[in-house]
There are 2 protein chains.
Amino acid sequence: MIPEDETLVRLAEFYKVFGDSTRIKMLCLLRRGELCVQELSDMVGLQQSAISHQLRILKQMALVVNRREGKTVYYSLADDHIAGIIDMGLEHINE
Amino acid sequence: MIPEDETLVRLAEFYKVFGDSTRIKMLCLLRRGELCVQELSDMVGLQQSAISHQLRILKQMALVVNRREGKTVYYSLADDHIAGIIDMGLEHINE
DNA sequence: CTTTCATATGAATATTTGTTCATATGTTCA
DNA sequence: TGAACATATGAACAAATATTCATATGAAAG
């Protein structure tokens, strides 16, 4: 009835990714279309290094995918599901 | 188009609550019905103090409500929405 | 091949967070 | 009032996390 402990840990890890305003902002920006690292860095207002670190986390959790075009790497949301989860949270805090 | 910074912070804070396996476990247990602090403590396997601290966070974020019956305080989910958010996460990690 | 540009990575640091221990608050019952 | 019980709270500590700085990797152009 209650999920396995290991499932609960994975569930927590999943939500933890959304529990940081930098990452949430990145995800919101990527909703509108793919962006390269430098664009994200400028838009979020953090150093390129910080953005790269966060992108690695987002990729590990399969929330974003990337493709290389020359020197530039473009990131985008992995699937539409992600946007739905963000919307659900937004609805909840606007009640 | 992109939510306000303050909204993003609140959104992150909201998801952060789900990003801890202790709290997720407590929420899953409370799905089945109200429980007092000691029951939660036993079921989760953490000290009563730790559970109380987490319950305070859950209450601050309006995820749980409580009622007092004598010496005992019973906690339950604040609304059905919460269960939906947990299910959404569970679906995502089981793909 | 070397320079330049975009991104990734590792170490260091500061901050946040979860748990425990000790104790306070509040309720019931003798 | 005082003892016993359930819960809440505060301080302390340990562990996890986000950011920065410095530098490495990889790709394109001269």
Side-chain angles (χ1 to χ4, degrees), chain A residues 5-6 8-30 33-76 78, chain B residues 5-6 8-30 33-76 78:
Chain A
D5 271 15
E6 195 227 325
L8 293 172
V9 169
R10 286 204 303 139
L11 189 55
E13 272 168 7
F14 172 69
Y15 278 120
K16 204 173 293 183
V17 182
F18 295 87
D20 175 84
S21 52
T22 295
R23 284 190 295 264
I24 277 273
K25 188 165 193 176
M26 291 168 69
L27 291 172
C28 285
L29 288 166
L30 290 173
E34 65 177 11
L35 292 168
C36 71
V37 179
Q38 192 53 55
E39 287 170 325
L40 279 167
S41 175
D42 293 340
M43 289 167 161
V44 173
L46 280 180
Q47 299 208 329
Q48 172 269 320
S49 172
I51 299 298
S52 264
H53 281 300
Q54 298 297 357
L55 282 170
R56 190 159 57 83
I57 293 172
L58 292 174
K59 191 177 177 188
Q60 272 179 351
M61 296 303 284
L63 300 190
V64 300
V65 293
N66 59 5
R67 74 184 173 85
R68 176 150 226 148
E69 193 173 309
K71 288 178 281 196
T72 310
V73 179
Y74 290 96
Y75 283 82
S76 51
Chain B
D5 269 16
E6 194 227 325
L8 292 172
V9 170
R10 286 203 302 138
L11 189 56
E13 273 168 6
F14 172 70
Y15 278 120
K16 204 174 292 184
V17 181
F18 296 86
D20 175 82
S21 52
T22 295
R23 284 190 295 266
I24 277 271
K25 188 165 191 175
M26 291 168 69
L27 291 172
C28 285
L29 288 166
L30 290 172
E34 64 178 11
L35 292 169
C36 71
V37 179
Q38 192 53 55
E39 287 170 325
L40 279 167
S41 175
D42 293 340
M43 288 168 162
V44 173
L46 280 180
Q47 299 208 329
Q48 172 269 321
S49 172
I51 299 298
S52 263
H53 281 300
Q54 297 298 357
L55 283 170
R56 190 160 57 83
I57 293 172
L58 293 174
K59 192 177 178 188
Q60 272 179 353
M61 297 303 283
L63 300 189
V64 300
V65 293
N66 59 4
R67 75 185 173 85
R68 174 150 228 148
E69 193 173 309
K71 289 177 281 194
T72 311
V73 178
Y74 290 95
Y75 283 82
S76 51

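As a basis for the values below, the full set of heavy atoms in this structure was taken, side chains included, without hydrogen atoms, waters or symmetry mates. None of these values were measured; they are calculated from a predicted model. Below, chains carry the letters A, B, ... as their sequence lines are ordered, and counting in each starts from 1.
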Task: Exercise: identify the closest heavy-atom pair between B:Ala78 and B:Ala62 - done: CB-O, 3.2 Å
- [ ] Could you tell me whether the side chain of B:Leu55 reaches within less than 4.5 Å of the side chain of B:Leu40, counting heavy atoms only?
- [x] yes
Task: Contacts of A:Gln60 that satisfy side-chain contact (heavy atoms from CB on, under 4.5 Å) - sequence neighbours left out - done: A:Arg56
TODO: Measure the shortest side-chain to side-chain distance between A:Gln38 and A:Ile51 over non-hydrogen atoms and say whether it is less than 4.5 angstrom.
DONE: no
Open item on the list: Within the structure provided, determine whether A:Ile57 and A:His53 are in side-chain contact (heavy-atom separation under 4.5 Å).
Closed with: no
Task: Listed partners of A:Tyr75 passing ring pair (Phe, Tyr, Trp, His ring centres under 6.0 Å), at least two apart - done: none
- [ ] Would you give a per-nucleotide map of nucleotides 14-22 of chain D, 5' to 3', where B means the base has a protein non-hydrogen atom under 4.0 Å away, S means only the sugar-phosphate does, and - means neither?
- [x] ---SSSBBB
TODO: Map every base of DNA chain D to its dot-bracket character, where paired means a Watson-Crick or G-U wobble contact with both distances under 3.5 Å and | marks a partner outside the strand.
DONE: ||||||||||||||||||||||||||||||
- [ ] May I ask you to test the B:Val64-B:Leu27 pair for a side-chain heavy-atom distance under 4.5 Å?
- [x] yes
- [ ] Write down the distance between CG (A:Asn66) and C1' (D:dT25), rounded to a whole number of angstrom.
- [x] 15 Å
Open item on the list: Over all strands shown, is A:Ser52 touching base, sugar-phosphate only, or nothing at heavy-atom distances under 4.0 angstrom?
Closed with: base
Task: Rounded distance (Å) that lies between atom C1' of C:dC5 and atom OH of A:Tyr74 - done: 13 Å
- [ ] Round to a whole Å and report the spacing from CG of B:Leu40 to C1' of D:dT7.
- [x] 12 Å
Task: Any donor-acceptor N/O pair, B:Arg23 side chain to B:Lys16 backbone, under 3.5 Å - done: yes
Could you list, one pair per line, each protein nitrogen or oxygen that sits under 3.5 Å from a nitrogen or oxygen of nucleotides 26-30 of chain C, together with the distance?
none

Task: Any B:Leu63 side-chain heavy atom under 4.5 Å of B:Phe14 side chain - done: yes
Open item on the list: Nearest 0.5 angstrom please: A:Leu8 CG to B:Leu29 CG, how far?
Closed with: 8.5 Å
Task: Presence of B:Tyr75 side-chain N/O under 4.0 Å of D:dA8 phosphate oxygens OP1/OP2 - done: yes
Task: Atom-to-atom span, CD of B:Gln60 to P of D:dA8 - whole angstrom - done: 13 Å
- [ ] Return the set of residues passing side-chain contact (heavy atoms from CB on, under 4.5 Å) with A:Gln47 (not counting sequence neighbours), or none when no residue passes.
- [x] none
Task: Rounded interatomic separation in angstrom, taking CG from B:Leu35 and P from D:dA6 - done: 15 Å
